[in-house]
2 protein chains.
Amino acid sequence: MTTKIYKGNCPVIDALTIIGGKWKLPLLWHLANNQSGIRYNALKRKLDGITNIMLTRSLRELEEDGLVTRVQYPEIPPHVNYSLTEQGEKLIPALLTIKEWGEQLQESKNDWGKKASSHS
Amino acid sequence: MTTKIYKGNCPVIDALTIIGGKWKLPLLWHLANNQSGIRYNALKRKLDGITNIMLTRSLRELEEDGLVTRVQYPEIPPHVNYSLTEQGEKLIPALLTIKEWGEQLQESKNDWGKKASSHS
DNA sequence: CCGAATCCTGTGAGATACTG
DNA sequence: CAGTATCTCACAGGATTCGG
C-alpha cells in the first residue's frame, strides 16, 4: 500500500490509503500538536529530512482528502498556515488505538511471556 | 508506504507497516471470520485474484510479525491451517475504530454539508 | 517564504512456470 | 494441497533545479 485496491469497498483500506504515505503520519502528528496551525517552513523544520516536494505533496493530498486546511495570507512575504480539519482531529483517537496495539505488539516480542507469573 | 521509515520510533508506523501490504487487510479480515482457522486454498479462493506468491508472502510476514499462526499437519495430502494469534485478534477492534472514521470521512465527502438549508 | 516541474530509482506487486 | 523460483513492471519516494 499504499496502492489503492478495492476502491470504495472498504473504509479501512480507504483510511489507510489516505494516511499511508511515508510522511503522512508524522505530518498529522505535528499538526495535531499545533491546533492553532503551523506554517510551511516550521513544518518543514520539524519533519527532519523532508524535501519541499514531499511536504507539498503530502499536504495537498491531506487537503484533498479533507484532513487538513490550508489558509493563505496574501502578504509579502507569503504566509501559509496549515491545520487539521474536524475530520482530521477525529482521526487522532483512532490512531491512539492503533498506537496501543503497536505497543502491545512490541512488548509481546520481548521475551516476557515466560517470566510473568508474579501477579496472580 | 509501506516503506519502513522510523524504525522502532513509532508504534503507529510500525503497526501500519505490518498491516500495510496490499492483501494484509483482506487476509486478516478472513482470518478474523474463521476463528477455527482456515486452510491455504480456502483462503486463496476467498481472496479473489491473489496469486500463490502473494498469499504466501503475506502469510509469512504476518506470521513473523506475530499476528498469524501456521499449523501444519504432516499428512498426505498436506494440510496447513492458518489462524489469528491473540495479538492478531486484538487488532480487530482497532481496525473497527479506523473503519468508523473512514465511514465518517466518506459521508463528509458527499456534498451535504452545504445543501442542508436552502432549496426554496 | 512557499512552493512547482522534471527526472531518476528502489521496492512492492504480479505473471508464469515448476515442486515435495 | 501447499507452496517456490524467476522475471518484469508500475509506482511511491526522492534529488535537483527553477519560479511567484
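First the proteins, then the strands, lettered A, B, ... as listed; each starts at 1.
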Handout entry: Below 4.0 Å: OP1/OP2 of D/dT4 and any side-chain N or O of B/R60
Key = yes
Exercise for the section: Report the distance from atom CG of B/N81 to atom P of D/dA2, rounded to the nearest whole Å. Expected result: 9 Å
Practice task
Determine the contact category for B/P78: base if any of its heavy atoms lies under 4.0 Å from a base atom, sugar-phosphate if only primed atoms, P, OP1 or OP2 are that close, otherwise nothing.
Solution key: base
Practice task
Would you check if the side chain of B/Y40 reaches a backbone N or O of B/N52 as a donor-acceptor pair within less than 3.5 Å?
Solution key: yes
Practice task
Would you classify A/I53 as touching base, sugar-phosphate or nothing, given that sugar-phosphate means primed atoms plus P, OP1 and OP2, and contacts are heavy atoms under 4.0 Å?
Solution key: base
Practice task
May I ask you to decide if A/Q35's main-chain N or O and A/S83's side chain share a donor-acceptor pair within less than 3.5 Å?
Solution key: no
Exercise for the section: Give B/Y82 one of three labels, base, sugar-phosphate or nothing, depending on what nucleic acid heavy atoms sit under 4.0 Å from its own. Expected result: sugar-phosphate
Handout entry: Sugar-phosphate, base or nothing in reach of A/N41, heavy atoms under 4.0 Å
Key = sugar-phosphate
Handout entry: Whichever of B/P77 and A/N52 has its nearest DNA chain D nucleotide further upstream toward 5'
Key = B/P77
Exercise for the section: Round to a whole Å and report the spacing from CG of A/L59 to P of C/dG3. Expected result: 7 Å
Exercise for the section: Verify, without hydrogens or angle tests, whether B/N81 (side chain) and B/S36 (backbone) share a donor-acceptor contact under 3.5 angstrom. Expected result: yes
Handout entry: Co-membership, hydrophobic cluster, residues A/I19 and A/L47, 4.5 Å side-chain
Key = yes
Handout entry: OP1 or OP2 of D/dA2 under 4.0 Å from side-chain N/O of B/R57
Key = no
Handout entry: Between C1' of C/dG12 and CD1 of B/I18, the distance in whole Å
Key = 17 Å
